[in-house]
Amino acid sequence: QVQLVESGGGLVQAGGSLRLSCAVSGTFFSIEDMGWYRQVPGKQRELVAAITRGSITNYAHSVKGRFTISRDYAKNLVYLQMNSLKPEDKAVYYCYARILPVGSSWSDYWGQGTQVTVSS
């Protein structure tokens, strides 16, 4: 069974930094895209950053220049380095990955979410 486990959320002051990590475990053949979404109460989940198997990255306009997504292909990890955090970055951050598990077809998997709070 494939699982995604996030870590690294917490409370930080505006202007500070946090690094989120997400580890993929289980039995699978391949991972395609990986990335991060975030959600605040009452709003839809939105894409923050994504990285393809070929290391092509994509960022939400609101985080460009402040957040960096990276990937450890050998360890099946994805990171989100968040710098110059703003109060509006406060949200629950979810890791996702498009995975080909053993005995099944390509599917999207999600982590349980990690809270990021930015105080002003």
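Nearest heavy atoms, Ile31 versus Ala97: CG2-CB, 4.2 Å. Nearest heavy-atom pair, Leu80 versus Ala49, reported as atom, atom and distance to 0.1 Å: CD1-CB, 4.0 Å. Considering every non-hydrogen atom in both Phe29 and Pro101, the closest pair reads CD1-O, 3.9 Å. Closest approach of Trp36 to Ser21, counting heavy atoms only: CH2-O, 3.6 Å. Residue Cys95 comes nearest to Leu4 through the heavy atom pair SG-CD2, 3.6 Å, listed as atom of the first residue, atom of the second, then distance. Contact record, Leu18 with Gly8: CD2-O, 3.9 Å, taken as the closest heavy-atom pair.
Ring pair Trp110/Tyr96 is tilted by interplanar angle, where 30° to 60° counts as tilted. The aromatic rings of Phe67 and Tyr93 sit tilted, their planes meeting at an angle between 30° and 60°.
Each of Arg45, Gln112, Glu6, Gln115 was checked for a side-chain contact (heavy atoms from CB on, under 4.5 Å) with Val92, and the lone residue meeting it is Gln115.
No side-chain donor from either of Tyr79 and Thr68 sits under 3.5 Å from a side-chain acceptor of the other. In this model, a donor atom of one side chain and an acceptor atom of the other lie less than 3.5 Å apart for Asn83 and Ser17.
The CG atom of Leu11 sits 5.0 Å away from atom OG of Ser119, with the distance rounded to the nearest 0.5 Å. Rounding to the nearest 0.5 Å gives a distance of 8.0 Å between OG of Ser62 and NZ of Lys86. To the nearest 0.5 Å, atom CD1 of residue Ile99 and atom CE of residue Met34 are 6.5 Å apart. Asp72 CG to Cys22 SG: the interatomic distance, rounded to the nearest 0.5 Å, is 12.5 Å.
Looking at Leu100 and Phe28, their side chains never come closer than 4.5 Å, going by heavy atoms from C-beta outward. Within the 4.5 Å cutoff, the side chain of Val2 has no heavy atoms near those of the Thr27 side chain. Side-chain contact between Ser120 and Gln13 is absent, with no heavy atoms from C-beta onward closer than 4.5 Å. Counting only heavy atoms from C-beta outward, the side chains of Met82 and Val116 approach each other to under 4.5 Å. Using a 4.5 Å heavy-atom cutoff, the side chains of Tyr59 and Val48 are not in contact.
Following chains of ILVMFWY side-chain contacts shorter than 4.5 Å, one cannot reach Tyr37 starting from Val78, and the two form parts of different hydrophobic clusters. When the side chains of ILVMFWY residues are joined at heavy-atom separations under 4.5 Å, either directly or via intervening members, Leu20 and Val12 end up in a single hydrophobic cluster. Tyr109 and Trp106 fall into different hydrophobic clusters, where Ile, Leu, Val, Met, Phe, Trp and Tyr are joined by side-chain heavy atoms under 4.5 Å apart, directly or via other members.
Ser107 places a side-chain N or O within 3.5 Å of a backbone atom of Ser105 that can act as its donor or acceptor partner.
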Residue pair Arg98, Asp33: steps toward the salt bridge (charged side-chain N to carboxylate O under 4.0 Å, His left out) verdict = CA-CA 5 Å; Arg98 186 154 181 83; Asp33 296 351; over 6 Å; no
Could you go through the side-chain contact (heavy atoms from CB on, under 4.5 Å) check for Arg71 and Asn76 one step at a time?
-> CA-CA 8 Å; Arg71 189 167 163 178; Asn76 299 316; over 6 Å; no
Gln1 and Ser25: side-chain contact (heavy atoms from CB on, under 4.5 Å), yes or no, with the steps?
-> CA-CA 8 Å; Gln1 184 176 357; Ser25 63; over 6 Å; no
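Taking the ring axis of Tyr94 as reference, the NZ or CZ atom of Arg38 does not stay both within 45° of it and closer than 6.0 Å to the ring centre.
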